[in-house]
Amino acid sequence: MDNTEFIKKCEKKLTEKFEYIDEVAYFNQVKVLNAFRENNVAVRHFNGTTGYGYGDEGRDTLGKLYAEVFGSECGIVSPHLLSGTHALTVALFGLLRPDDTLFCLSGMPYDTIRGVIFGENNGSLKDFGVKFEYCKLTDNGKFNFEEIKKKFNSKVKVVYIQRSRGYELRDAFSCKEIEEACKFVRSLGFKGCIFVDNCYGEFVEKREPTEVGADIIVGSLIKNAGGGIAPTGGYICGKAEYIDLIGKRLTAPSIGLEVGSYEGGYRYFYQGLFTAPHTVAQALKTSLLIGQAMSELGYINYPSLEKTPYDITRAIEFDSAEKMVGFIREVQYASPVDGFVTCEPWDMPGYDDKIIMAAGTFVSGASIELSADGPVKPPYIAYFQGGLTYEHGKYALERILNVLAK
């Protein structure tokens with residue numbers, strides 16, 4: 001069977017899942033469009049400002065728009081949030097104080113946030129007297145409620161959940177699972193902030209974590225929420241009391257969210273949010289097609305093809321570094337930007353191991369665009385994500401199949 005026929009066979013098996021993804025995309029597109037209409041978004045909101053940015057309608061309306069889309073009270077959306085890690089950092093420092101405890105329910109957090117939480121002498125939360133506890137997940141990658149109950153204590157100020165898998169072999173958490181976790185910690189008497197790292201999870205379902213019990217969600221605009229159009233930035237949405245505290249960390253305690261200019265203008269941020277439901281659907285279909293093909297060839301990969309993914313990433317396990325690196329390089333060669341570049345593992349800032357990363361993207365490092373990466377260590381796992389168009393993902397798969405055949 002040639003590659004074209006093989007891919008058609010995979011697509012046929014995915015017909016029902018693709019139909020469900022289209023249903024979710026339509027639901028979320030209507031939700032986003034209604035939020036635009038209800039907030040009276042106009043051309044003037046795209047204009048940039050300079051200096052202090054007092055009365056910046058574009059900035060303020062963008063925050064309101066995101067808050068409504070994500071079912072929350074308030075939102076911060078800013079090009080001055082440099083990445084998902086930076087947005088998480090600003091939010092955590094805004095909420096936590098010396099002697100507070102940050103309690104992670106979803107295992108050890110992703111590499112780049114570890115230095116923020118418990119780094120030594122680098123300005124981390126630990127350096128400022130904030131304690132950290134976490135619960136390992138169960139063997140099948142789910143919340144371990146028994147352990148959570150044992151470790152929970154009155155010093156916990158913020159409960160932290162990482163929705164996506166990071167560099168772990170587990171499924172992302174669904175909003176239903178996050179809802180169960182929120183209800184459980186509330187049953188333990190917790191009255192503080194439930195905080196969700198929502199990166200890679202926006203618009204994959206009809207609900208967001210802030211609609212099922214989370215108080216704060218945080219994400220990057222060069223992932224799902226920016227729709228492949230936003231050039232930079234991050235968002236933080238949630239309860240007004242928490243957004244107020246976080247805003248005072250983003251700028252200064254005396255001025256909060258009253259200031260903040262961006263001369264470049266906001267059109268890409270508005271347009272990116274508008275296109276995000278469709279773009280996420282393209283990435284989800286690409287993920288499923290890659291997953292189906294790799295499964296047919298005998299490669300273990302997550303999430304399971306028995307269900308719709310709860311984020312846009314797919315973990316694929318290889319039996320050698322050579323195969324893993326070959327897979328990732330082929331994603332780079334299939335890219336519209338820097339498609340001539342050969343990826344090499346390197347000591348990337350914020351990571352514990354050498355990382356190889358394919359990201360031939362229009363927006364540097366944008367993982368809503370077709371990309372793949374992973375630490376080059378056993379088990380050899382490539383983390384694949386994104387795809388602005390399903391057609392691009394299909395083309396990349398053709399190239400990958402040719403390499404694996406060799």
Side-chain angles (χ1 to χ4, degrees), residues 48-53 56 58-60 62-63 66 70 75-96 109-117 119 122-125 127-128 160 162-164 166 195-202 216-238 242-243 245-252 255-257 259-273 276 337 346-351 355 357 359 361-369 371 373 385-386:
T49 57
T50 60
Y52 297 119
D56 187 330
R59 178 198 67 215
D60 293 343
L62 193 57
Y66 265 74
F70 291 147
I76 299 170
V77 185
S78 175
H80 303 304
L81 293 169
L82 310 180
S83 65
T85 299
H86 184 220
L88 292 165
T89 300
V90 170
L92 290 172
F93 270 92
L95 296 170
L96 291 157
Y110 185 65
D111 295 42
T112 57
I113 201 68
R114 294 175 195 172
V116 174
I117 296 171
N122 67 344
S124 67
L125 288 167
D127 284 349
F128 284 88
Y160 186 98
Q162 180 179 293
R163 185 173 183 179
S164 192
F195 182 115
V196 175
D197 172 357
N198 203 33
C199 286
Y200 300 105
E202 300 91 348
I216 289 288
I217 56 171
V218 181
S220 165
L221 298 189
I222 63 169
K223 297 184 176 68
N224 301 24
I229 295 177
T232 187
Y235 74 86
I236 305 167
C237 290
Y242 296 132
I243 293 296
L245 290 171
I246 293 165
K248 289 171 179 174
R249 174 69 191 197
L250 175 67
T251 60
I255 51 180
L257 296 175
V259 302
S261 66
Y262 186 63
E263 188 176 12
Y266 300 104
R267 179 173 69 84
Y268 292 137
F269 303 99
Y270 282 92
Q271 192 172 2
L273 177 62
V337 181
W346 66 299
D347 294 309
M348 194 171 177
Y351 293 86
I355 303 291
M357 182 171 288
T361 55
F362 292 98
V363 173
S364 180
S367 44
I368 188 59
E369 299 185 47
S371 52
D373 56 87
Q385 60 269 324

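All residue numbers in this chain count up from 1 along the given sequence.
- Under a 3.5 Å cut-off, the side chain of Asp197 and the backbone N or O of Gln162 do not form any donor-acceptor pair.
- Take Asn122 and apply the side chain to side chain contact (heavy atoms under 4.5 Å, CB included) test, not counting sequence neighbours, and it matches Ser124, Asp127.
- Remark: Leu125 pairs with Leu92, Phe93, Leu96, Leu102, Ile117, Val130 by the side chain to side chain contact (heavy atoms under 4.5 Å, CB included) rule, at least two apart or across chains.
- In this structure, the side chain to side chain contact (heavy atoms under 4.5 Å, CB included) partners of Ala276, at least two apart in sequence or on a different chain, are Phe203.
- For the atom pair CG (Leu245) and CD1 (Ile216), the distance works out to 9.0 Å, reported to the nearest 0.5 Å.
- Minimum heavy-atom separation, Ala359 to Gly365: CB-CA, 4.5 Å.
- Atom CD of residue Glu263 and atom OG1 of residue Thr50 lie 6.0 Å apart, to the nearest 0.5 angstrom.
- Here the CD1 atom belonging to Ile113 is positioned 11.0 Å from the OH atom belonging to Tyr110, to the nearest 0.5 angstrom.
- When the side chain to side chain donor-acceptor pair (under 3.5 Å) test is applied to Asp373, the partners found at least two apart in sequence or on another chain are Tyr167, Gln385.
- When the ring pair (Phe, Tyr, Trp, His ring centres under 6.0 Å) test is applied to Tyr270, the partners found at least two apart in sequence or on another chain are Phe46.
- Residue pairs meeting the side chain to side chain donor-acceptor pair (under 3.5 Å) criterion with at least one member in residues 77-86, sequence neighbours excluded, are Thr85-Thr112.
- Atoms CG and CG, on Leu81 and Leu221 in that order, are 8.0 Å from each other to the nearest 0.5 Å.
- By the side chain to side chain donor-acceptor pair (under 3.5 Å) test, Asn198 pairs with Arg163, Glu208, Tyr235, sequence neighbours left out.
- For Thr361 (side chain) and Glu369 (main-chain N/O), no donor-acceptor pair under 3.5 Å exists by modelled atom type.
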Problem - Pair Tyr242-Phe195, side chain to side chain contact (heavy atoms under 4.5 Å, CB included): steps then yes or no - result: CA-CA 10 Å; Tyr242 296 132; Phe195 182 115; over 6 Å; no
Practice task
For the pair Leu257 and Ile246, evaluate side chain to side chain contact (heavy atoms under 4.5 Å, CB included) and give the outcome as yes or no after the intermediate values.
Solution key: CA-CA 9 Å; Leu257 296 175; Ile246 293 165; over 6 Å; no
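- Partners of Tyr200 by side chain to side chain donor-acceptor pair (under 3.5 Å), not counting sequence neighbours, listed by chain and number: Ser367.
- Residues Tyr160 and Leu88 form a side-chain contact, since some pair of their non-hydrogen atoms from C-beta on lies under 4.5 Å apart.
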Practice task
Just do the side chain to side chain contact (heavy atoms under 4.5 Å, CB included) check on Val77 and Ile236 with the steps written out, would you?
Solution key: CA-CA 7 Å; Val77 185; Ile236 305 167; over 6 Å; no
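- Judged by distance alone, with hydrogens and angles left aside, the side-chain atoms of Arg249 form no donor-acceptor pair with the main-chain N or O of Ala91 at under 3.5 Å.
- In terms of the salt bridge (charged side-chain N to carboxylate O under 4.0 Å, His left out) criterion, residue partners of Arg114 (sequence neighbours excluded) are, by chain and number, Asp111, Asp352.
- For the residue pair Tyr268 and Pro231, the shortest heavy atom distance occurs at CB-CD, 3.7 Å.
- Applying the side chain to side chain donor-acceptor pair (under 3.5 Å) test to Tyr266 and every residue at least two apart in sequence or in another chain returns Asp56.
- Tyr66 contributes no side-chain N or O that, together with a main-chain N or O of Leu273, makes up a donor-acceptor pair within less than 3.5 Å.
- The line from SG of Cys237 to CZ of Phe70 is 6.0 Å long, rounded to the nearest 0.5 Å.
- Judged purely by atom type and a 3.5 angstrom limit, Arg59 uses its side chain to pair as donor or acceptor with the backbone of Gly53.
- Under the ring pair (Phe, Tyr, Trp, His ring centres under 6.0 Å) criterion, Phe362 pairs with no residue at all, not counting sequence neighbours.
- Between the OH atom of Tyr52 and the CD1 atom of Ile255 there is a distance of 8.5 Å, given to the nearest 0.5 Å.
- Contacts of Ile222 classified as side chain to side chain contact (heavy atoms under 4.5 Å, CB included), with partners at least two apart in sequence or in another chain: Ser220, Val363, Ala366.
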